Amino acid sequence: MKRLRCSWSSLKPLIIVCTPLALLPLPLVIRKKEAECAYILILMAVYWMTEVIPLSVTALLPALLFPLFGIMKSSRVASVYFKDFHLLLLGVICLATSIEKWGLHRRIALRLVTGLGVNPGMLMLRFMVGCAFLSMWLSNTSAVAMVMPIVEAVIQQVLNASEQASKDHKGALNGISNPSLQLEDIEAQYDQSEKIKSIEAGITEPVQTAPEPEEPEAPPPLYNGKYRTREDHMMCKGLSLCIAYSSSIGGLTTLSGTSTNLIFAEYIYQYYPECSIINFGNWFVLCLPICIIMLILSWIFLHWMYLGSNFRASLCSRQQSEKEKHTAKVLQDQYNSLGPISWQEIITMIIFILMAILWFTRNPGFMPGWSSLFPEALRYGLLISFAHYQLFLALITWKDFQACMPWEISLLVGGGFALAEGTKISGLSTWVAELLTPLGSLPPLATVTIACLIVTSITEVASNAATMTIFLPILAPLAEAIGVNPLYMLIPTALCVSFSFLLPVSNPPNAIVFTYGHLTSMDMVKAGLGVNIIGVLTVLLALTTWGTPLLNLDTYPDWAPVVNGTGV
């Protein structure tokens, strides 16, 4: 592994230097704006996928290269780097920072996992629900970083309880209930009568030697170095993976749940300004069933892989074992250690609930929302101002906010918007759409399935946000060219970008869980492949059932340009 790291470090400078040189014939030979923009797009895609330089640095390339090639003026490029998305991101981070600072996340997570069954199967399900709920409103990385220490504490208690139960069981075998001890009195009486008979007969009693002390029984060897049994190790694997996967699944549910959802929404607002159907309420109605179905199926799959197929014991067990009693106690102790709820938590909770209500009612779709009462310029302004009141209420400081603000994502998204604007102005997006027009001969669902599989594969080795940024300017013109509602193509791919479950390096939640030492890379590949399949099939199910009438996906919309024949 060390040699691989060294060799990769030596390859990075070569990729940085050789990639732009190898692509130079494209703009020099063809000498069209489309070729020049394609040069920039491919260069950024290579840098983003290999991460030979920081993602945010790659995102700044359009600011340098678009004016250099004459595609866009510097002033226009600069204006694209800061959009409504960034204001919304600021508000979300303000709320998340306050939740993390005052420990509201721990109170919510522990409240969700205490109460009912604490056997491994129910623990897995409860942790998945708790982590998914947190990641709806916080970043996936923050949700995992909050919940995983609680999971690790529970794991250690379960392992200790298992060891203690084993000791108690051995102690019981040496206690008064041991049947062999009932024979000792009989044997002692028999020996005493034999001794008396021998003395009376004049037989000399042999000298008795002291019995040799029994050697203490060696403890059984640990499984895989630190687990008592294979079952304990499998339980640790299942609980660890359920946290990583549920955080990504929960983030799908709200537009603010992941950066890729926000990138998608901002792209729609920017390039289809008359499209009002993508809003917080519609997205929640579309994705909440997807989240629930994925959580249930993923739980069944992980339970089958790591805890066995006895689901009845997990769902219907009423008597608690020693392990479960210890687990319930540690969870309750952790919740009690939080003490009474503080006024900071109460205010944060109130702001959280009010912001969620404002998100839902801003433009619910089935009726006019409160945004219709204000100019378009205040689309997010009121929400952001409301969130910023947390600073003035002394809930968080500027240093707290700075520590949680993902500035890299902010620049990455800005670079993506600049890249999308450049592909549109240069004509590259139209050229790519015409090139891919033969895909129109396939059924639209087949085209979407191919796009979902490609995106899901690439996002395993590239940043989710970078993958989304690369594919949006390609798939939207493709949908227009083959006469398909752009949302029919973009929504499934926007959701599938979050399905990076295969590798520890695929996303930060996977990496955090992997560092706890219960998993190997092959464990993630085996489990992640199954969850990936579950995710893609669930998204396609939503697209062909409740998603179509909800978002009118079966008709070509008026807000999209007419390039070819229309209708799905």
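What you are looking at is a predicted structure, and each value in this text was computed from that prediction instead of being measured. FYI, the numbering just counts along the sequence from 1.
Between Leu537 atom CG and Leu297 atom CG the span is 9.5 Å, to the nearest 0.5 Å. Note that the CD1 atom of Ile16 and the CG atom of Leu11 stand 11.0 Å from one another [nearest 0.5 Å]. Expressed to the nearest 0.5 Å, how far CG of Asn261 lies from CG of Leu495 amounts to 6.5 Å. For the atom pair Ile263 CD1 and Thr469 OG1, the distance stands at 4.0 Å (nearest 0.5 Å). Considering OH of Tyr269 and CD1 of Ile278, their distance stands at 7.0 Å, rounded to 0.5 Å. Interatomic distance, CG of Leu65 versus CG of Leu41, reported as 12.0 Å (0.5 Å rounding).
In this structure, the side chains of Leu395 and Thr348 come closer than 4.5 Å at one or more pairs of heavy atoms. Counting only heavy atoms from C-beta outward, the side chains of Pro557 and Tyr488 never approach each other to under 4.5 Å. For the pair Thr260/Ser498, a side-chain contact is recorded, criterion being any heavy-atom separation below 4.5 Å from C-beta on. When side chains are defined from C-beta on, Ile42 counts as touching Leu26, because their heavy atoms get closer than 4.5 Å. Glu274 has its side chain out of reach of Asp558: every pair of non-hydrogen atoms, C-beta onward, lies at least 4.5 Å apart. Put simply, the side chain of Ile53 does not reach to within 4.5 Å of the side chain of Lys12, judged on heavy atoms. The side-chain heavy atoms of Leu21 and Leu24, taken from C-beta on, include a pair separated by under 4.5 Å. In this structure, the side chains of Leu262 and Thr258 stay at 4.5 Å or more apart for every pair of heavy atoms.
Phe264 pairs by the ring-ring contact (aromatic ring centres under 6.0 Å, His included) definition with Trp283, not counting sequence neighbours. In this structure, the ring-ring contact (aromatic ring centres under 6.0 Å, His included) partners of Trp299, at least two apart in sequence or on a different chain, are His303, Phe311. Among residues two or more places apart in sequence or in another chain, the side-chain contact (heavy atoms from CB on, under 4.5 Å) test is passed with Ser521 by Pro504, Phe514. Under the side-chain contact (heavy atoms from CB on, under 4.5 Å) criterion, Thr548 pairs with Leu553, Asp554, sequence neighbours left out. With sequence neighbours excluded, the residues that form a ring-ring contact (aromatic ring centres under 6.0 Å, His included) with Phe69 are Tyr39. Every residue meeting the side-chain hydrogen bond (donor to acceptor under 3.5 Å, both in side chains) condition with Thr459, not counting sequence neighbours, appears here in chain and number order: Asn464. By the side-chain hydrogen bond (donor to acceptor under 3.5 Å, both in side chains) test, Tyr271 is found to be paired with Glu421, residues two or more places apart in sequence or in another chain being considered.
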Mind running side chain to side chain contact (heavy atoms under 4.5 Å, CB included) on Ile71 and Ile40 for me, showing each step along the way? CA-CA 11 Å; Ile71 297 174; Ile40 299 171; 4.0 Å; yes
Checking Leu543 against Ile491 for the side chain to side chain contact (heavy atoms under 4.5 Å, CB included) test, could you report, in this order, the C-alpha distance in whole Å, the side-chain angles of both residues, the deciding distance, and whether it holds? CA-CA 9 Å; Leu543 183 71; Ile491 288 177; 5.5 Å; no
Test Asn507 against Ser500 for side chain to side chain donor-acceptor pair (under 3.5 Å), laying out the working first. CA-CA 7 Å; Asn507 59 31; Ser500 48; 2.9 Å; yes
Go through the steps to decide whether Met468 and Val455 satisfy the test side chain to side chain contact (heavy atoms under 4.5 Å, CB included), and finish with yes or no. CA-CA 8 Å; Met468 191 68 191; Val455 166; over 6 Å; no
Side chain to side chain contact (heavy atoms under 4.5 Å, CB included) between Phe471 and Leu490, worked out: CA-CA 9 Å; Phe471 276 90; Leu490 296 181; over 6 Å; no
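Residue pairs satisfying the salt bridge (Lys or Arg N to Asp or Glu O under 4.0 Å) criterion with at least one member in residues 518-540, sequence neighbours excluded, are listed as follows: Lys237-Asp523. Sorted pairs that involve residues 275-284 and meet salt bridge (Lys or Arg N to Asp or Glu O under 4.0 Å), not counting sequence neighbours, are lacking altogether. Annotation: salt bridge (Lys or Arg N to Asp or Glu O under 4.0 Å) contacts involving residues 26-39, sequence neighbours excluded, comprise Lys33-Glu36.
Listed for the Tyr47 side chain is no donor-acceptor partner under 3.5 Å among the backbone atoms of Thr19.
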For residues 238-255, dump all side-chain donor-acceptor pairs below 3.5 Å to protein atoms at least two apart in sequence or in another chain.
{"unit_1": "Ser240", "atom_1": "OG", "unit_2": "Cys236", "atom_2": "O", "d": "2.8"}
{"unit_1": "Tyr245", "atom_1": "OH", "unit_2": "Phe501", "atom_2": "O", "d": "3.2"}
{"unit_1": "Tyr245", "atom_1": "OH", "unit_2": "Met524", "atom_2": "O", "d": "3.4"}
{"unit_1": "Tyr245", "atom_1": "OH", "unit_2": "Gly528", "atom_2": "N", "d": "3.2"}
{"unit_1": "Ser246", "atom_1": "OG", "unit_2": "Cys242", "atom_2": "O", "d": "2.7"}
{"unit_1": "Ser246", "atom_1": "OG", "unit_2": "Ile243", "atom_2": "O", "d": "3.3"}
{"unit_1": "Ser247", "atom_1": "OG", "unit_2": "Ala244", "atom_2": "O", "d": "2.8"}
{"unit_1": "Thr253", "atom_1": "OG1", "unit_2": "Gly250", "atom_2": "O", "d": "3.0"}
{"unit_1": "Thr254", "atom_1": "OG1", "unit_2": "Met136", "atom_2": "O", "d": "2.5"}
{"unit_1": "Thr254", "atom_1": "OG1", "unit_2": "Gly257", "atom_2": "N", "d": "3.1"}

Can I get a per-line list of side-chain donor-acceptor pairs under 3.5 Å for residues 54-62, giving both atom names and the distance, sequence neighbours left out?
{"unit_1": "Thr58", "atom_1": "OG1", "unit_2": "Pro54", "atom_2": "O", "d": "3.4"}

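When every heavy atom of Leu487 is checked against every heavy atom of Ile268, the shortest pair comes out as CD2-CD1, 3.8 Å.
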